[in-house]
*Asks:* 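The following block contains the structure, expressed as structure tokens.
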Protein chains: 2
Amino acid sequence: MPDVKHFDPDVALDQVVSLFWEHGADTTGVADVVKATGLSRSSLYATFGGKGQLYAAALRRYLERQSRPVFDALAADERGMPAIAGFFERLVSARCTGEHARWGCLVTNAHAAAGRELPEVQHVLAAHHRALRSAMRAALEAARRHGHLRSGLDTEASAETLALLAYAVNLRSRSGAEAAELLAGVRAVLDGFTDVTTTEENR
Amino acid sequence: MPDVKHFDPDVALDQVVSLFWEHGADTTGVADVVKATGLSRSSLYATFGGKGQLYAAALRRYLERQSRPVFDALAADERGMPAIAGFFERLVSARCTGEHARWGCLVTNAHAAAGRELPEVQHVLAAHHRALRSAMRAALEAARRHGHLRSGLDTEASAETLALLAYAVNLRSRSGAEAAELLAGVRAVLDGFTDVTTTEENR
DNA sequence: CCTATCTTGGACTAGTCGTTCCAAGATAGG
DNA sequence: CCTATCTTGGAACGACTAGTCCAAGATAGG
């Protein structure tokens, strides 16, 4: 058997995700990737292909490692409205403070960036949206079972609303929006979705 | 008096706005600007300065010529909820069909693009957000005077919500989101804000 | 140990980036 | 018409871009 890779493609891809996530894919050059990963250009191109494929791979990785676990936890959370409120509180907190403060979301950022028309990228954006919205729908259905929801509320449309709201939090937080401002905007939506007769215990 | 400009800086800047708006500022080179405007590099740099200043000028121009008139009309509209619903219907329509379909919003796109940390750019983003939210607040206050609003609704927080929603529509539409999907998401929020006892006449 | 086969470092290419510069051209007051 | 002053076209700049290529190095089956 011939030579084998002298590095772990998995950890390299994680480093690339961080690079593209923080600084934007457009403004990150292959030279930056080489410096950050410690790989040579040869290994990089042999393993991932060109920059476009590397970007698509980073998007897929972000969706699976960053987004998916959170979406799955939300979808499995049976608490109803408190689960949704908790999701947004954690989201705002992660976007405004800590290690990834002001980085936004790699997938959200991809909506405005170049390469959004590439089939591979479009597929990830669509998959991300489906996963986010269906997690929201599941959480809303749990809320409905608890009687938390206003009567006549359209679950499908409301799930879309909450997904849109998450994108907006990701976007605005990247440009320095204050956490309190974002949380107030989220709270107003959740209040509008909540059954007025059983509001108290869900705050 | 010496020589005067052989072109109109105003129409040139409008052409630059279109370029940055459609294709993104990061991926649009000075060569593209030269080609689109017909100007020479000399005239461009003498009139607007470097690419960064040109981008900032384009952002300001977009805010004043594209956003501001719509925001002002919304703020002055006394109809209440129908005014807000109309704003979003026109927004979704403009983002998904017609001349600027799938272009998104230049200011919204700027949130994810490079140069968002430049003071001049940040100032435009902040001004845009203030203008959008205060127009939403004015429209909500009109809605309150008409008795359209749910009792206990926080006008300031709800204005922030509607602003966030507009950003999300701009962002998602750029990546091909369907108009019906976006409208449903908007409708769910407006329904949540509306007084249930006087819902019928506002649809 | 040998060798076929893959990986690696890094030089290299062709093109593009934003920016500068200057001679030639245009303008309008005197 | 003359000339001071600005504008304009376009050549040129160094730095950077994504991507290619090959000799040297590493690996593990035979």
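Reminder, nothing fancy here: chain letters follow the sequence lines and each chain counts from 1.
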*Asks:* Under 4.0 angstrom, heavy atoms only, what part of the nucleic acid is B/T27 near: base, sugar-phosphate, or nothing?
*Replies:* nothing
*Asks:* Thinking salt bridges, do A/D10 and A/R61 make one under a 4.0 Å N-O criterion?
*Replies:* yes
*Asks:* Tell me the interatomic distance from A/D26, atom CG, to C/dG18, atom P, rounded to whole angstroms.
*Replies:* 13 Å
*Asks:* Looking at A/E141, I'd like to know if its CD atom is crowded, meaning that more than 12 non-hydrogen atoms belonging to other residues, nucleotides or ligands lie closer than 6.0 Å.
*Replies:* yes
*Asks:* Tell me whether B/R102 is salt-bridged to B/E22, with the criterion being a basic N under 4.0 Å from an acidic carboxylate O.
*Replies:* no
*Asks:* Going through the checks in order, is the ring pair (Phe, Tyr, Trp, His ring centres under 6.0 Å) test met by B/H128 and B/Y62?
*Replies:* CA-CA 10 Å; B/H128 179 274; B/Y62 181 94; 7.5 Å; no
*Asks:* So how far off straight is the helix from C/dC1-D/dG30 to C/dG30-D/dC1, going by the axes through five pairs at either end, to 10°?
*Replies:* 0°
*Asks:* Run the salt-bridge test on B/D26 and B/K51 with the 4.0 Å N-O cut-off and return the result as yes or no.
*Replies:* no
*Asks:* Would one find more than 12 heavy atoms of other residues, nucleotides or ligands at under 6.0 Å from atom CD of A/E99?
*Replies:* no
*Asks:* Does a side-chain N-to-carboxylate-O contact under 4.0 Å join A/D191 and B/R150?
*Replies:* no
*Asks:* When you compare the protein's N or O atoms with those of nucleotides 6-13 of chain D, which come within less than 3.5 Å of each other, and at what distance?
*Replies:*
residue, atom, partner, partner atom, Å
D/dT7, OP1, B/K5, NZ, 3.3
D/dT8, OP1, B/H6, N, 2.5
D/dT8, OP2, B/S43, OG, 2.8
D/dT8, O5', B/S43, OG, 3.2
D/dG9, OP2, B/S40, N, 3.4
D/dG9, OP2, B/S40, OG, 3.4
D/dG9, N7, B/S40, OG, 3.3
D/dG9, N7, B/S42, OG, 2.6
D/dG9, O6, B/S42, OG, 2.4
D/dG10, O6, B/S42, OG, 2.6

*Asks:* Salt-bridged, B/R137 to B/E160, with N to O below 4.0 Å?
*Replies:* no
